[in-house]
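Below is one structure, written out as C-alpha cells, with a few remarks after it.
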2 protein chains.
Amino acid sequence: MAEEKLHEAIDAMKNSGVRITPQRHAILEHLIQSMSHPTADEIYKSLEGKFPNMSVATVYNNLRVFKEIGLVKELTYGDASSRFDCVTTDHYHIICDDCGKIVDFHYPGLDEVETLAEQVTGFRVGDHRMEIYGKCPDCQKSKH
Amino acid sequence: MAEEKLHEAIDAMKNSGVRITPQRHAILEHLIQSMSHPTADEIYKSLEGKFPNMSVATVYNNLRVFKEIGLVKELTYGDASSRFDCVTTDHYHIICDDCGKIVDFHYPGLDEVETLAEQVTGFRVGDHRMEIYGKCPDCQKSKH
DNA sequence: TACACTAATTATAAACATTACAAAGTAATA
DNA sequence: TATTACTTTGTAATGTTTATAATTAGTGTA
C-alpha cells in the first residue's frame with residue numbers, strides 16, 4: 001500500500017507538471033514509509049546515505065513543492081522546526097505535552113465547523129487543522 | 001472591559017507568585033487592548049516608546065511566563081514567527097491563505113472530540129487548538 | 001538518439017526568530 | 001538595612017529556513 005501511495009503521489013506530480021527527480025522520489029518515499037512526522041533535517045539526515053551530495057535546500061524546496069501540490073502538510077508546533085506529514089486519509093494529531101510524542105487520531109471530518117465558519121466570517125474555506133494536547137499513557141505512568 | 005481583563009490577569013499573576021513588573025504590565029495591557037495577534041517583535045516595537053531600554057529577551061521571557069500561567073496562547077502558523085493571543089473566551093481562528101489575515105471565530109467547544117480522543121488514544125487530554133484556512137472576503141474580490 | 005529548453009540541484013551565504021548567559025538592577029522579606 | 005531570589009538588560013550564540021548564482025539534469029521534440 002505504501003507502494004501504491006507512492007505511485008499516486010508520482011502521478012499527482014506528473015499532472016502538476018513537476019519533474020520527478022531521484023531526490024524528490026526519495027523524499028516522498030521516506031515520508032510515506034516512515035509513518036512518522038519528520039522534520040526537514042531528519043529527512044535530510046536519513047537520505048544522507050543514498051544522496052551524499054544532496055543539499056538541505058533541496059529538501060526544503062521540495063517540501064514546499066509537495067505542499068503546493070497538496071501531497072504534504074506542514075505541522076508547526078511551538079518547537080523549533082516544522083514537521084511534515086503525508087496527506088493520506090483525514091486525521092488529526094494528538095500531542096504529548098511532556099515528551100512530544102505525536103499520535104494520529106482519526107475522526108469524522110469537522111465539515112459542519114467549516115460550513116459555519118464560512119457563514120459567520122464570509123471566508124471561502126478550503127481546509128482546517130486541529131491538534132489535541134495532553135499527556136500520553138507512558139508519561140501518565142511516570143509520575144515524576 | 002479591557003480594564004477588567006487586565007485586573008483578572010494581574011490577579012492570576014499574583015496567585016501564581018509572579019511579580020508584576022512595569023514591563024509585564026505593559027506587555028499584558030498591549031495584548032489585551034490590541035485585539036490582534038501580535039508577534040513578539042510587534043509587541044517589542046510598540047512598547048519602544050514607553051520602555052526605550054526594554055530588551056527583546058524580556059518580551060520573550062514574559063510571553064513564556066504568561067503561557068505557563070495560562071494567560072496567553074502561542075499560535076504557530078507556517079510563517080516565520082509565532083503570534084500570541086490573550087486567552088479570553090473559547091474561540092478559534094480562521095486565516096486567509098492569501099493575505100494572512102486572522103479572524104476570531106467563536107464556536108461551541110469541541111468537547112466531544114476531546115472525549116473521543118481520550119478513549120481512542122489513552123491520552124489524558126488537556127487542550128486542543130484548531131485553525132481554519134481559506135480566502136477572506138477582500139481577497140476573494142481581488143481576483144488576480 | 002541527440003538537442004535545446006527549462007527546471008532542479010548544489011553549495012554557500014544570509015536572514016531571521018528565538019534562546020542562553022552573565023551582569024546589573026529591583027522587589028520582598030526578615 | 002541586609003539578604004535573598006527574581007527580573008531585566010545587552011549581547012552573543014544557536015538553529016531553522018531562505019536567497020542566490022553557478023552547475024547539473026529531466027523532458028519533449030526533431
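The chains referred to below are lettered A, B, ... by the order of the sequence lines, with proteins before strands, and numbering in each begins at 1. Both backbone and side-chain heavy atoms feed into the values below; hydrogens, waters and symmetry mates do not.
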* Could you run down nucleotides 15-30 of chain C 5' to 3' and tag each one B, S or - for protein heavy-atom contact under 4.0 Å? -> --SSBB------B---
* **Aromatic plane relationship, A:F105 with A:Y107 - under 30° parallel, 30 to 60° tilted, over 60° perpendicular** => tilted
* Straight-line distance of B:T58 OG1 to B:L63 CG, nearest 0.5 Å -> 10.5 Å
* To do: Give A:T21 one of three labels, base, sugar-phosphate or nothing, depending on what nucleic acid heavy atoms sit under 4.0 Å from its own.
  => sugar-phosphate
* Asked: Quick one: are A:M54 and A:I43 in side-chain contact, heavy atoms under 4.5 Å?
  -> no
* With B:R19 via side chain to side chain donor-acceptor pair (under 3.5 Å) - residues at least two apart -> none
* B:K50 side chain reached by B:E29 side chain, heavy atoms, under 4.5 Å -> yes
* Locate the shortest heavy-atom distance separating A:D98 from A:K135; write the atom from each residue and the value. => OD2-CE, 3.0 Å
* **Nucleotide C:dA7, atom C1' - distance to NZ of A:K14 in whole Å** => 17 Å
* **Pairwise side-chain contact, B:H37 with B:D104, heavy-atom cut-off 4.5 Å (strictly under)** => yes
* Between B:L47 and B:Q23, is any pair of side-chain heavy atoms under 4.5 Å apart? -> no
* Start and end of chain B contact along DNA chain D [non-hydrogen atoms, under 4.0 Å] -> D:dA5 to D:dG10
